[in-house]
**Q** 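Structure provided below as structure tokens; questions to follow.
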Amino acid sequence: MIRGKDLEKQVYESEHIQQVTAEITANFPDYFTFFAQEELKSVFRERIKDYQKEQDAYREYLNLQALEEYDQYDPNAFKSHTRKNCPIIRRCLMSQDEVMKDYKISFNNVTGRQLLNAVSNIARFGRSYQVGFNDETHEAATTPEDLSLETLNQTEYGCGGVIGYGIQSSLLYGVFPRTFAHRSQNAVWALYFLSGRKDFDLQDGSEFLMVHASTGTCEQNYFYPAELFGFYALHVYRLLKAACKEEGINFVNHYRYIYLSAFCDFIANRHREHINIFKRSSDYVESHWF
């Protein structure tokens, strides 16, 4: 996808989705073979432990009663509260990554009220999504629509340049790892590599990449829609669950997407050199290669 252009409509078509899932299925065994060389029980145990270190912080940040108090008494103070107490946004603001410069500018320009409105909507969505949530029904989803995540694409669930689906998913996953996949940078890169780096005849290249034509750089697609990411993430999770079961590892539903995050991080780390090249300008690459 080229920045400044809309995602092509083809990505929502069933034929395209079937092509992508088929490619992911075909490439999964090779990645899992290397992943399984690690002590997987230990890997998952450590990932769960690391996740739990921040879960309380996310629970407090998304606490509906606390959000209502900010709304009633001091919405402007929510910006300072967010900077200090939201783990993912705090990391974004501290990041030295070049791509985060625009994020920091956007955060400086946003108001506490704007942040509060978006976070409150996300928190309410997360709570309501849990009502009637069923593990078997969730894992049996056959289309992106089955996951009912489209609501998160609406403007009131975001905050220009500060809260998109990446941050949304971090907040929701931070409280509900059973229910929401973590749309981290590594997760989108993992989908790109699992899908064989193919563009599936899309005119603007892979849907999992964001191309900055003016600078010759490329990032993971941080505008990727919630329902499509959720569906492909679930597809990979089902493959991972089945493969791990053959290794004698049975997953616990409560930690569903923590297992998946560990696998996605593994894939992205295997391709870290490739990712770093994508993120550099074409001028930089040429100066080092030619």
Side-chain angles (χ1 to χ4, degrees), residues 1 3 6-7 11-12 54-55 57-72 75-79 81-83 85-93 100 102-133 138 141 143-185 187-188 207-208 210 220-234 257:
M1 176 181 173
R3 184 169 187 181
D6 292 333
L7 198 58
V11 303
Y12 296 98
E54 290 189 333
Q55 189 173 32
Y58 281 112
R59 282 174 174 164
E60 292 175 11
Y61 183 68
L62 292 181
N63 182 278
L64 288 174
Q65 183 176 349
L67 292 170
E68 289 170 1
E69 290 179 358
Y70 274 105
D71 182 70
Q72 183 175 359
N76 288 330
F78 190 70
K79 182 173 180 177
H81 173 71
T82 295
R83 185 191 298 272
N85 296 292
C86 178
I88 181 60
I89 292 181
R90 186 175 66 242
R91 280 197 292 273
C92 287
L93 294 175
M100 299 311 296
D102 288 343
Y103 184 88
K104 295 174 184 180
I105 293 172
S106 296
F107 186 86
N108 288 335
N109 292 332
V110 78
T111 67
R113 165 57 71 187
Q114 290 171 317
L115 279 171
L116 179 59
N117 287 347
V119 172
S120 296
N121 287 333
I122 294 167
R124 283 192 287 267
F125 176 85
R127 294 293 178 185
S128 64
Y129 198 90
Q130 306 309 304
V131 178
F133 181 85
H138 180 73
T143 68
E145 292 76 18
D146 290 340
L147 299 179
S148 300
L149 294 172
E150 293 86 351
T151 298
L152 292 171
N153 296 325
Q154 297 175 13
T155 56
E156 58 264 40
Y157 292 83
C159 188
V162 178
I163 297 179
Y165 187 56
I167 300 295
Q168 288 173 355
S169 78
S170 294
L171 299 178
L172 293 168
Y173 166 80
V175 182
F176 309 110
R178 166 193 175 202
T179 313
F180 298 102
H182 187 203
R183 207 244 69 174
S184 64
Q185 292 187 31
V188 182
E207 65 203 85
F208 301 116
M210 174 65 69
Q220 50 82 29
N221 185 0
Y222 38 81
F223 291 142
Y224 200 67
E227 70 276 18
L228 288 179
F229 172 78
F231 184 71
Y232 290 132
L234 175 60
Y257 288 117

**Q** Is it true that a side-chain atom of Lys79 and a backbone atom of Gln114 form a donor plus acceptor pair closer than 3.5 Å?
**A**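 Judged by distance alone, no pair lies under 3.5 Å.
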**Q** Give me the one residue out of Leu172, Asn85, Ile88 that meets side chain to side chain contact (heavy atoms under 4.5 Å, CB included) with Tyr58.
**A**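 Checked Leu172, Asn85, Ile88 against Tyr58; only one passes side chain to side chain contact (heavy atoms under 4.5 Å, CB included): Ile88.
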**Q** So how far is it from Arg83 CZ to Leu93 CG, rounded to the nearest 0.5 Å?
**A**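 It comes to 5.5 Å.
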**Q** What's the spacing between Cys86 SG and Ile163 CD1 if we round to 0.5 Å?
**A**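 Cys86 atom SG to Ile163 atom CD1 measures 7.5 Å (nearest 0.5 Å).
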**Q** Taking Asn63 for its side chain and Arg59 for its backbone only, find out whether a donor-acceptor pair lies under 3.5 Å.
**A**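 Checking the backbone N and O of Arg59 against the side chain of Asn63, no donor-acceptor pair under 3.5 Å is found.
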**Q** Does the separation of the ring centres of Phe78 and Tyr61 fall below 6.0 angstrom?
**A**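 When the ring centroids of Phe78 and Tyr61 are compared, they turn out to be within the sub-6.0 Å range.
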**Q** Counting the benzene-type ring for Trp, do Tyr224 and Tyr165 have ring centres under 6.0 Å apart?
**A**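 Ring-ring flag for Tyr224/Tyr165: false, centres at least 6.0 Å apart.
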**Q** Kindly give the heavy-atom pair with the smallest separation between Tyr103 and Cys92, and that separation in Å.
**A**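 The pair with the smallest heavy-atom distance is CE2-CB, 3.5 Å.
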**Q** Looking at Arg91, I want to see if its CZ is surrounded by more than 12 non-hydrogen atoms of other residues, nucleotides or ligands under 6.0 Å.
**A**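 More than 12 within 6.0 Å, yes.
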**Q** So, for Glu227 and Glu150, which heavy atoms are closest and what is the spacing to 0.1 Å?
**A**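 Closest pair (atom of Glu227, atom of Glu150, distance): CD-CG, 3.8 Å.
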**Q** If you take all heavy atoms of Leu147 and Gly230, which pair is closest and at what distance?
**A**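 Scanning both residues, the minimum pair turns out to be CD1-C, 3.4 Å.
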**Q** Measure the shortest side-chain to side-chain distance between Leu171 and Ile167 over non-hydrogen atoms and say whether it is less than 4.5 angstrom.
**A**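 A side-chain contact exists here, since the closest heavy-atom pair is under 4.5 Å.
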**Q** Got a second to check how far Ser120's OG is from Arg113's CZ, nearest 0.5 Å?
**A**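 One finds 8.0 Å between OG of Ser120 and CZ of Arg113.
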**Q** Given side chains that start at C-beta, do those of Tyr232 and Glu207 come closer than 4.5 Å, heavy atoms only?
**A**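 When only atoms from C-beta onward are counted, Glu207 and Tyr232 do touch, with a gap below 4.5 Å.
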**Q** Looking only at non-hydrogen atoms, find the nearest pair between Thr82 and Phe107 and report the distance.
**A**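 That would be CG2-CE1, 4.2 Å.
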**Q** Strictly under 6.0 Å, is that where the ring centroids of Phe180 and Tyr129 end up?
**A**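 Phe180 vs Tyr129: aromatic centres under 6.0 Å.
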**Q** Using every non-hydrogen atom in the two residues, find where Gln168 and Leu152 come nearest and quote the distance to one decimal.
**A**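 Nearest heavy atoms, Gln168 then Leu152: NE2-O, 3.0 Å.
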**Q** One pair to check against side-chain hydrogen bond (donor to acceptor under 3.5 Å, both in side chains): Thr143 and Asp146. What are the steps and the verdict?
**A** CA-CA 5 Å; Thr143 68; Asp146 290 340; 3.3 Å; yes
**Q** Please round to the nearest 0.5 Å and tell me the distance separating atom CD of Glu156 and atom CD1 of Ile122.
**A**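 Taking CD in Glu156 and CD1 in Ile122, the distance rounds to 10.5 Å.
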**Q** Ring-plane angle category for His81 and Tyr70, please: parallel below 30°, perpendicular beyond 60°, tilted otherwise.
**A**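 If you compare the ring of His81 with that of Tyr70, the planes turn out tilted.
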**Q** Heavy atoms only: give me the nearest Ala181-Ser169 pair and the separation to one decimal.
**A**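 Closest approach of Ala181 to Ser169: O-CB, 3.7 Å.
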**Q** Measure the CD-CG distance between Gln65 and Leu67 for me, rounded to the nearest 0.5 Å.
**A**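 CG of Leu67 is found 10.0 Å from CD of Gln65.
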**Q** I want to check something: taking the side chain as every heavy atom from C-beta on, are Arg183 and Val188 in contact at a cut-off of under 4.5 Å?
**A**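 Arg183 vs Val188: side chains touch.
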**Q** Look at the side chain of Asn121 and the backbone N and O of Tyr157, then say whether any donor-acceptor pair between them is shorter than 3.5 Å.
**A**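 Side chain of Asn121 to backbone of Tyr157: no pair is present.
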**Q** Would you give the length of the straight line joining atom CG of Leu234 to atom CG of Leu149, rounded to the nearest 0.5 angstrom?
**A**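 One finds 10.0 Å between CG of Leu234 and CG of Leu149.
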**Q** Among Phe229, Tyr257, Phe176, Tyr173, whose ring-ring contact (aromatic ring centres under 6.0 Å, His included) with His182 holds?
**A**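 Testing each of Phe229, Tyr257, Phe176, Tyr173 against His182, the sole residue satisfying ring-ring contact (aromatic ring centres under 6.0 Å, His included) is Tyr173.
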